[in-house]
Amino acid sequence: MRIRKIIQLKSELKQLLREPLLALLLLLPLIMPYLILGISHFVTPYVLGYLGFNLMDYHQYIFYTICVITPGLLGIVIGFRMLDDKDEGISELMSITPAGQRGYLYNRLGFISALSIIYTFYIYLLWPYKIISIPQLVLVSLPLAGYGLILGSVLFIIAPDKVKGLTYAKVLNLLLIFGFSELIPVQGIKFVGYGMPTYWLFKILTDPTPYNLVIAYT
């Protein structure tokens, strides 16, 4: 059973890497920490000189951005993969197999959730500012993986094709903004943020108290 699962995961990975767009979205999180850290360190002296504040004082927001964009990208990958399956009728054919549609969804979503958790630890190990401990990261990685699953599932349900799916994906990933609610001087945005998953993802990434974790998990 375990060997069969490994073979299925390898097959899924190969299929994803065959499509340039999906391969890019799948591999982008691997270079994103280097890219964002490099840009931040390059831009910081200019921001400090012209605006008078150190950009790296807000490193927790940069860390949050990378951590949340990653499952967001992976959610798009699996959402597009399932849209392909819908177009080809594969998702309907799965209903008559022993695994059924539930097994189909478990395989697809399980693959991307496992990858989200692996990428979260990868980002944490590369990040020079250790905001939280590894035990706390274990608890934080699960809601992050869940966020990717939600985006992928929503794309699969509401998008009729990949073209419109890309538009919907851009809109859904704008939820990232609510993690910056405490910085944005717009009246009421923090109140709206309380009802958004990304606000609580920011809270548990920077302050994983039991209260914040309970809210994030619910």
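- The side chain to side chain donor-acceptor pair (under 3.5 Å) test applied to S133 returns Q136, not counting sequence neighbours.
- The nearest pair of heavy atoms linking I117 to A145 is CG1-CB, 4.0 Å.
- Judged by distance alone, the side chain of T198 and the main-chain N or O of L175 form a donor-acceptor pair under 3.5 Å.
- Smallest separation of non-hydrogen atoms from Y124 and I132: OH-O, 2.6 Å.
- Side-chain atoms of L205 and L144, non-hydrogen and from C-beta on, do get closer than 4.5 Å to each other.
- With rounding to the nearest 0.5 Å, the separation of CG in L142 from OG in S113 is 9.5 Å.
- Pairing each heavy atom of T70 with each of I66, the nearest pair is OG1-O, 2.9 Å.
- Using a 4.5 Å heavy-atom cutoff, the side chains of H59 and W127 are in contact.
- Environment of NZ in K130: crowded, with over 12 heavy atoms of neighbouring residues, nucleotides or ligands closer than 6.0 Å.
- Going from atom CE of M32 over to atom OH of Y119 covers 9.5 Å, rounded to the nearest 0.5 Å.
- Classified by interplanar angle (parallel below 30°, tilted 30° to 60°, perpendicular above 60°), the ring pair Y64/F180 is perpendicular.
- Across Y147 and P71, no two heavy atoms sit closer than the pair CD2-CG, 4.1 Å.
- The six-membered or imidazole ring of Y129 lies away from that of F63, with a centre-to-centre distance of 6.0 Å or more.
- For L155 against A169, the heavy-atom pair with the smallest separation is CD2-N, 3.8 Å.
- Between I76 atom CD1 and I112 atom CD1 the span is 10.5 Å, to the nearest 0.5 Å.
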Take I215 and K203, measure what side chain to side chain contact (heavy atoms under 4.5 Å, CB included) needs, and give me the verdict at the end.
CA-CA 10 Å; I215 298 295; K203 297 299 287 186; over 6 Å; no
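- To the nearest 0.5 Å, atoms CD (Q60) and SG (C67) are separated by 12.5 Å.
- With hydrophobic clusters built from ILVMFWY side chains whose heavy atoms lie under 4.5 angstrom apart, F191 shares a cluster with W200.
- Counted within 6.0 Å of OH on Y122, heavy atoms from surrounding residues, nucleotides or ligands total more than 12; the atom is thus considered enclosed.
- Under a hydrophobic clustering in which Ile, Leu, Val, Met, Phe, Trp and Tyr are joined whenever their side-chain heavy atoms come within less than 4.5 Å, directly or via other members, Y34 and V68 fall into the same cluster.
- At a threshold of 4.5 Å between non-hydrogen side-chain atoms, the residues D207 and F202 do not count as touching.
- Between Y194 and F178, the distance separating the two ring centers is not shorter than 6.0 angstrom.
- At a threshold of 4.5 Å between side-chain heavy atoms, the hydrophobic network of Ile, Leu, Val, Met, Phe, Trp and Tyr places V138 and V214 in two separate groups.
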Evaluate L115 against L26 for side chain to side chain contact (heavy atoms under 4.5 Å, CB included), listing each step before the verdict.
CA-CA 9 Å; L115 202 57; L26 192 66; 3.4 Å; yes
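- Contact between I78 and G152 at its shortest, heavy atoms only, is CG2-CA, 3.9 Å.
- We find the CG-CG distance between L35 and L28 to be 7.5 Å, quoted to the nearest 0.5 Å.
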Are L176 and I69 close enough, and set up right, to give a side chain to side chain contact (heavy atoms under 4.5 Å, CB included), and what steps lead you there?
CA-CA 8 Å; L176 179 79; I69 283 179; 4.2 Å; yes
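- Transitive grouping of hydrophobic side chains (ILVMFWY, heavy atoms separated by less than 4.5 Å) keeps V171 and I158 in distinct clusters.
- The structure places OG1 of T209 at 6.5 Å from CG of L213, a figure rounded to the nearest 0.5 Å.
- Linking ILVMFWY residues whenever their side-chain heavy atoms come closer than 4.5 Å, directly or via other members, places I157 and L74 in the same cluster.
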